[in-house]
Amino acid sequence: MIESKDVMKIADLSRLTLTGEEVRLYSSQLNGILQYVEKLKELETGGTEPTSHVLDLRNVTREDRATASLPVEDVLRNAPDPKDGFYRVPRILE
Amino acid sequence: MELFELGIEGIKALLDKKEVTPHEVLDAFFARINAVEGKVSAYVTQTREKAYEMAASAEKAGNSGIKTLSGIPFAIKDNLCTKGIKTTCSSKMLENFIAPYESTVTERLSGAGGVFLGKTNLDEFAMGSSTENSAFFTTKNPWDLQRIPGGSSGGSAAAVAAGECAAALGSDTGGSIRQPAALCGVVGLKPTYGRVSRYGLVAFASSLDQIGPITKTVRDAAMVLNAIAGRDPMDSTSAPLPVPDFTKAAGMDVKGLRVGIPREYFIEGMDPEVEKAVKGAVAQLEAMGAIPVEVSLPHTGYAVAAYYILATSEASSNLARYDGVKYGFRAAGKDLLDTYMQTRAQGFGPEVKRRIMLGTYALSAGYYEAYYGRAQQVRTLIKRDFEEAFRVADIIATPTSPTAAFKIGEKSADPLQMYLSDIFTISINLAGLPGISIPCGFTGTGLPIGLQLIGRHFDEEMLIRAAYAYEQSTEWHKRRPALPSDNGADKGEGPKAL
C-alpha cells in the first residue's frame with residue numbers, strides 16, 4: 001500500500017514537484033495499478049531467466065573511428081539558455 | 001474515386017502512367033486536409049512548403065530504381081525526428097523542439113521519393129491508447145467524431161482513414177500502431193523488434209519500441225516496410241539480416257497455412273461483435289485453404305501487468321533526459337535542482353508523470369526484484385508461450401482490440417481501464433514478434449473492427465501473405481468514412497461503400 005509520503009519520495013526520485021492534489025490522485029491511482037500488478041507474484045518464476053530484450057545480439061561494436069558530429073550551433077538552437085557554445089544553468093554553489 | 005481516397009499503389013499507378021503529377025497529388029491531399037482536418041485534428045504540424053519542395057525533387061528524380069515511393073504523400077508520427085521541422089511528441093516539453101537530425105526511417109522514406117505532408121498527433125511521448133494524453137488536442141475517429149481514434153499513433157491512423165495522406169508512419173510499444181489502425185479501419189504493421197532502425201525515434205521503452213507503416217492496404221504496408229527495413233549502423237539493435245522484397249508475399253495463397261487460435265484470447269465477456277468478426281475472418285481463411293488450430297498462450301493474463309512494469313521502468317530512465325538544460329522546455333527554479341523539478345512538473349502531462357513514477361518505484365531499492373526482476377522473468381514465460389504455439393501454427397489470429405473505438409472521455413479517468421484496452425497487443429511487443437492489424441468487419445453502428453495476425457520473429461512475409469489473401473477476399477478495406485466536409489453540405493454519417 002502506497003501512502004502519500006511514499007508518493008512524495010517517488011516524485012522526488014523522479015525529479016517531479018507535485019501539488020497536494022496530485023499527491024492524493026497519484027496515491028490512489030498508483031495503488032490501483034500496483035494492486036493489479038500484484039498478480040505477477042502468483043507465478044512460479046524461480047530459476048526463470050529474465051529477458052531484457054528479445055534479440056540474440058551481444059556486445060555490438062563498431063570500428064573505433066571518429067566521424068562528423070552534429071554542428072554545435074544546430075544542437076544549441078534548442079537549448080533554453082545557451083552561451084558561448086555551452087549550456088547555462090542556475091548556480092549550484094554559492 | 002477521389003485521388004485522396006487512394007493508397008500508395010493507386011497513386012503510384014496514376015503517377016507511372018503520367019495521368020497526374022506529384023504536384024497535383026499534393027494539391028488533392030492538401031485540399032482534403034483543408035476540408036476535413038478541422039473535424040479530425042490529425043496533424044500537429046503541416047509542412048506544406050517542404051512537401052511541395054519534396055514533390056518537385058521527386059518529380060525531377062523520376063521514379064526509377066530505388067524511387068519506389070516517388071511522389072507518395074506520407075504523414076509522420078510526431079515522435080520521429082525530422083531535421084529542421086518541429087518534433088513535439090505532443091508534449092509541452094518538446095513543443096518548440098526542432099530536430100537537428102533526421103530519423104533513419106524518414107531518411108529512407110524520402111530517399112525512396114516519399115513526400116511528407118506533416119507530423120501527426122499522438123498521446124504524449126506515445127503513452128496512451130486514445131490520443132487523449134496529447135498535450136495539444138484529441139484526434140477524432142473519422143468514422144465517428146465523438147470517438148477516439150485509438151493510440152498512441154492515433155493521428156497517423158486517423159489521417160490515413162480520413163484520406164489526409166496516402167500512408168503514414170507510426171510507432172508501436174504496446175499496440176500503438178495496431179490498435180489505432182483497427183479502430184480507424186486501416187492496416188497497421190508492427191515489424192519484428194530489430195527489423196527497423198529506431199534511430200531518431202524519441203525513446204519511450206527501448207526494448208519494446210518499433211516503427212512501422214499505417215496504410216490503406218496490405219500491399220501498401222509491404223511497400224513501406226521494403227523502404228524502411230534493414231540494418232542501420234546508428235541503431236545497434238537493428239538486426240544484421242537481409243531484407244526480402246515483402247511485396248512478393250502479397251499474392252501467395254494460404255493453402256495449408258496453420259492459423260493458431262489462442263484460447264486465452266477468446267474469453268467470456270468479450271465484445272460479441274468483435275468476436276463474431278474475428279471468428280468470421282478465421283472461417284474465411286479456412287475457406288481459402290488455411291487450417292485453424294487451437295493454441296494456448298497460458299501467460300496471457302499476466303502480460304499487461306508485466307508490460308506496465310517494464311515499459312514504465314524503461315520510460316523512467318529514458319525520460320530522465322528532459323531536464324530543462326539541453327533542449328526543450330525549462331521552468332525557472334531557485335537553483336538547479338528546483339529547475340529540474342519545476343521543469344518536469346510543468347513540462348510533462350499527468351499520464352507521463354504517472355508512468356515515470358511507476359517506473360521509478362519499480363526500479364527503486366527494495367522493490368527492484370519484486371517488480372522489475374519478476375516482470376522480466378514473466379516476459380521470458382510469455383516469449384516461451386509463443387515459441388510453443390509456433391511449433392503447431394504458422395501464424396496466430398486474434399482480435400486487435402477487445403472493443404471498437406470508445407467515446408472520448410469514456411476511459412480517461414481510470415488509467416488501469418485504459419491499460420487493459422491493450423490486452424491483445426502488448427504480449428507481441430514483450431516477445432518482440434511482428435504483428436499486423438487489418439480490417440475484418442464493422443459493428444452494427446458502423447465502427448471498424450480489426451483482426452490481428454502475429455508471426456514468428458522476422459517472418460513479416462507470412463503476415464503479409466495471410467493478411468493480403470484475407471484482405472483481397474473481402475471488401476472491408478474499400479470502405480471509407482463518410483466525413484462531413486468543412487466546406488461542403490454532406491452531413492452523411494456512418495460508412496458508405498465506394
For this session: Could you tell me which portion of B:A413 (side chain, backbone, both or neither) has an atom closer than 4.5 angstrom to a non-hydrogen atom of chain A?
Result: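 Backbone only.
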Heavy-atom side-chain contact between [X] and [Y] under 4.5 Å:
X	Y	value
A:V72	A:R77	no
B:N79	B:F204	no
B:K383	A:V54	yes

Exercise. Which residue pairs satisfy the side-chain hydrogen bond (donor to acceptor under 3.5 Å, both in side chains) criterion with at least one member in residues 50-69 of chain A, sequence neighbours excluded?
Worked result: A:T51-B:T380
Problem set entry | residues 336-345 of chain B: residues contacting chain A (heavy atom under 4.5 Å, by number) |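 Interface residues of residues 336-345 of chain B: B:L336, B:L337, B:T339, B:Y340, B:M341, B:Q342, B:R344, B:A345.
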Counting heavy-atom pairs under 4.5 Å with chain A, which one of [options] comes out on top?
options	answer
B:V325, B:L430, B:V378, B:I382	B:V325
B:R374, B:H299, B:Q346, B:H457	B:R374
B:G301, B:A239, B:P240, B:A99	B:G301
B:S206, B:G84, B:P350, B:G333	B:P350
B:G194, B:A332, B:A306, B:P233	B:A306

Hey, does the Lys NZ or Arg CZ of [X] hover above the aromatic six-ring of [Y], less than 6.0 Å from the centre and inside 45° of the axis?
X	Y	value
B:K353	B:F348	no
A:K41	B:Y371	yes
A:K39	B:Y302	yes

Chain B contact via [X] - side chain, backbone, both or neither, heavy atoms under 4.5 Å:
X	value
A:L40	both
A:L43	both
A:L76	neither
A:L57	side chain

For this session: Go through A:V60, A:L16, A:V89 and name the one with the most non-hydrogen pairs under 4.5 angstrom from chain B.
Result: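 With the most close heavy-atom pairs to chain B, the winner is A:L16.
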Exercise. A:A79, A:P71, A:P80, A:G32: which one forms the most heavy-atom pairs within less than 4.5 Å of chain B?
Worked result: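 Heavy-atom pairs under 4.5 Å are most numerous for A:P80.
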Problem set entry | Sequence neighbours excluded - salt bridge (Lys or Arg N to Asp or Glu O under 4.0 Å) pairs with any residue from residues 198-211 of chain B |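 Every pair satisfying salt bridge (Lys or Arg N to Asp or Glu O under 4.0 Å) with a residue in residues 198-211 of chain B: B:R198-B:D235.
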Exercise. Are B:R384 and B:E387 close enough, and set up right, to give a salt bridge (charged side-chain N to carboxylate O under 4.0 Å, His left out), and what steps lead you there?
Worked result: CA-CA 5 Å; B:R384 284 187 195 151; B:E387 285 163 7; 5.5 Å; no
Acceptor/donor pairs from residues 356-366 of chain B side chains to any protein atom, 3.5 angstrom cut, sequence neighbours excluded:
{"from": "B:T360", "atom 1": "OG1", "to": "A:S14", "atom 2": "OG", "distance (Å)": "3.0"}
{"from": "B:T360", "atom 1": "OG1", "to": "B:I356", "atom 2": "O", "distance (Å)": "2.6"}
{"from": "B:S364", "atom 1": "OG", "to": "B:Y361", "atom 2": "O", "distance (Å)": "2.7"}

For this session: Fit a plane to each ring of B:F125 and B:Y322, take the angle between them on a 0 to 90° scale, and name the class: parallel (under 30°), tilted (30 to 60°) or perpendicular (over 60°).
Result: tilted
